[in-house]
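Below is one structure, written out as structure tokens, with a few remarks after it.
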Amino acid sequence: MGRLLVVPTPIGNLEDVTMRGLRALREASLVLAEDTRRTRHLLTHFDIHTRLLAYHQHNKRSRLPEALEALSQGDVALVSSAGTPSVADPGFELVRAAIEAGVEVDVLPGASAVITAYVGAALPSSGFTFMGFLPRQRSDRRARLREVATYPYAIVLYEAPHRLISTLEDIQLELGDRQMVAARELTKLHQEYVRGSVDEQLDRYRAAEPRGEFTLVIAGCEQKITDSMELARAEIERRRSGGERSKEAVAQVARTYRLPRNAVYDLWLEAAHAAVDP
């Protein structure tokens with residue numbers, strides 16, 4: 001009986017692979033790879049000739065019997081296209097199946113965009129919540145963000161460049177204008193950490209097309225949120241009684257107190273209801 005070796009691979013710079021990871025890839029009888037072309041490039045670079053087999057989102061369940069059969073003969077290495085397998089990548093089902101079959105699972109430490117971005121962001125936080133990729137459907141995406149709106153921890157998530165602006169807009173609506181960091185192309189030639197508020201990030205990427213892979217780190221909800229809500233409630237009531245339109249009032253108050261627009265709009269509805277039914 002072999003072992004399932006969960007092997008992190010570089011997220012950009014090939015020098016970030018560990019010596020232990022290379023040995024595991026060299027000595028395994030089989031490498032299960034999310035992207036065989038990318039993994040083959042890595043193996044070729046380090047003169048490794050272990051057999052490759054595709055294991056990705058679309059075939060992961062059908063590959064389980066073959067993977068377990070290979071584990072009965074020797075060690076099998078599992079890699080994703082980059083970083084640590086099973087972190088927003090395929091791997092969970094195979095790890096669970098191996099454990100249930102009595103196979104030893106050895107997870108090697110190594111490259112991870114989550115940890116790299118969180119440390120590099122340097123936002124005040126006692127921990128973080130990792131959300132992977134948010135849903136593509138906007139209503140589902142906003143619902144997921146709403147779930148963590150009051151978390152005191154930093155929020156870390158992945159995003160593709162073509163969805164970055166719409167995701168930032170949803171972050172602004174559901175979480176407010178918080179401080180955040182957009183970590184781009186981590187460990188690669190054009191790596192950068194873009195720091196600023198959500199509004200500032202939107203201004204930047206609306207002016208210049210986003211390029212590369214993004215890991216977003218967003219500040220957690222501050223403890224003073226309750227005080228801000230009370231101040232916002234009073235401001236909304238004042239503006240409404242003064243005849244200001246809801247759209248302008250909500251946008252300005254949300255910006256002033258760094259609150260989610262949806263939360264401020266709820267305050268507007270409360271004030272309107274109270275005026276009708278005191």
Side-chain angles (χ1 to χ4, degrees), residues 117-118 121-159 163-182 194-207 214-278:
Y118 173 68
L123 292 174
S125 172
S126 58
F128 67 87
T129 297
F130 176 59
M131 302 186 73
F133 285 96
L134 294 175
R136 295 187 179 187
Q137 188 71 29
R138 186 158 205 179
S139 58
D140 295 336
R141 188 165 62 232
R142 288 176 60 178
R144 289 281 286 124
L145 287 167
R146 205 172 301 129
E147 290 173 1
V148 300
T150 59
Y151 282 21
Y153 315 108
I155 299 164
V156 184
L157 57 93
Y158 295 151
E159 195 50 274
R163 286 197 301 267
L164 179 67
I165 291 175
S166 61
T167 294
L168 287 172
E169 290 172 345
D170 291 338
I171 290 170
Q172 182 188 60
L173 282 169
E174 300 297 341
L175 305 183
D177 189 29
R178 304 183 185 185
Q179 289 299 302
M180 64 169 291
V181 175
V194 178
R195 307 174 192 276
S197 68
V198 178
D199 282 353
E200 290 168 339
Q201 301 280 358
L202 272 169
D203 289 343
R204 176 190 176 95
Y205 290 112
R206 281 170 175 158
F214 286 84
T215 304
L216 306 182
V217 185
I218 308 152
C221 178
E222 298 180 8
Q223 291 297 320
K224 62 182 182 181
I225 186 73
T226 302
D227 294 338
S228 296
M229 286 292 286
E230 290 307 313
L231 292 172
R233 177 177 282 104
E235 181 72 5
I236 280 291
E237 290 174 353
R238 183 184 67 79
R239 288 172 178 267
R240 188 186 176 285
S241 62
E244 191 168 342
R245 294 175 57 190
S246 63
K247 184 176 181 180
E248 289 78 8
V250 168
Q252 184 59 49
V253 172
R255 188 177 302 111
T256 299
Y257 295 101
R258 294 180 177 272
L259 293 169
R261 289 191 185 182
N262 282 359
V264 177
Y265 184 65
D266 286 344
L267 296 179
W268 177 277
L269 293 179
E270 288 178 15
H273 180 74
V276 174
D277 186 19

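When reading the values below, keep in mind they use all heavy atoms of this one structure, side chains included, and skip hydrogens, waters and symmetry mates.
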**Item:** Verdict with supporting geometry, Val217 and Leu123, side chain to side chain contact (heavy atoms under 4.5 Å, CB included)
**Value:** CA-CA 8 Å; Val217 185; Leu123 292 174; 3.9 Å; yes

**Asked** How many angstroms lie between OG in Ser166 and CD in Glu159, if you round to the nearest 0.5 Å?
**Response** 6.5 Å

**Item:** Exam field: side chain Arg195 to backbone Val181, donor-acceptor pair closer than 3.5 Å
**Value:** no

**Item:** Sidechain-backbone polar pair: Asp199 side chain, Asp177 backbone, donor-acceptor under 3.5 Å
**Value:** no

**Pairwise distance CZ(Arg233) to CD(Glu270) - rounded to 0.5 angstrom** = 5.0 Å

**Request:** Using the side chain to side chain contact (heavy atoms under 4.5 Å, CB included) rule, take Arg142 and Asn262 through it: C-alpha gap first, then chi angles, then the decisive distance, then the call.
**Result:** CA-CA 10 Å; Arg142 288 176 60 178; Asn262 282 359; 3.0 Å; yes

**Message:** salt bridge (charged side-chain N to carboxylate O under 4.0 Å, His left out) for Arg238 and Glu235? Distances and angles first, verdict last.
**Reply:** CA-CA 5 Å; Arg238 183 184 67 79; Glu235 181 72 5; 2.7 Å; yes

**Item:** Aromatic centroids of Tyr158 and Phe130 separated by under 6.0 Å
**Value:** yes

**Request:** On the 0 to 90° scale, with breaks at 30° and 60°, tag the Tyr118-Phe128 ring pair as parallel, tilted or perpendicular.
**Result:** tilted

**Asked** Distance-only, no hydrogens or angles: does the Thr215 side chain make a donor-acceptor pair with backbone N or O of Ala117 under 3.5 Å?
**Response** no

**Prompt:** What do the steps show when you test Ile155 against Arg178 for side chain to side chain contact (heavy atoms under 4.5 Å, CB included), and what is the final call?
**Reply:** CA-CA 11 Å; Ile155 299 164; Arg178 304 183 185 185; 4.2 Å; yes

**Request:** Output the distance between atom CG (Leu145) and atom CG (Asp140), rounded to the nearest 0.5 Å.
**Result:** 11.0 Å

**Complete:** Here the gap from Ser246 atom OG to Leu267 atom CG, rounded to the nearest 0.5 Å, amounts to 13.0 Å

**Fill in**
Scanning both residues in full, the closest heavy-atom pair of Cys221 with Ala149 reads CB-O, 3.4 Å

**Item:** Gap between atom CD of Gln252 and atom CD1 of Ile236 - 0.5 Å precision
**Value:** 10.0 Å

**Message:** Do the side chains of Glu169 and Arg138 get close enough for a salt bridge, i.e. N-O under 4.0 angstrom?
**Reply:** yes

**Prompt:** Is there side-chain contact between Ile171 and Leu216, with heavy atoms separated by less than 4.5 Å?
**Reply:** yes

**Request:** For Tyr205, look at atom OH and say whether over 12 heavy atoms of other residues, nucleotides or ligands are found less than 6.0 Å away.
**Result:** yes

**Prompt:** Any donor-acceptor pair under 3.5 Å linking the side chain of Arg141 with the backbone of Leu134?
**Reply:** no

**Item:** side chain to side chain contact (heavy atoms under 4.5 Å, CB included) evaluation trace for Leu157 with Ile218
**Value:** CA-CA 9 Å; Leu157 57 93; Ile218 308 152; 4.0 Å; yes

**Heavy-atom pair of closest approach, residues Tyr151 and Thr129** = CD2-OG1, 3.4 Å

**Prompt:** At what distance, to the nearest 0.5 angstrom, does CZ of Arg261 lie from CH2 of Trp268?
**Reply:** 14.5 Å

**Minimum heavy-atom distance Gly127-Tyr153, with the two atoms named** = O-CB, 3.5 Å

**Prompt:** Closest heavy-atom contact between Gln179 and Gly196?
**Reply:** OE1-C, 3.5 Å

**Asked** Would Glu147 and Arg144 pass as an ion pair if we require N to O under 4.0 Å?
**Response** yes

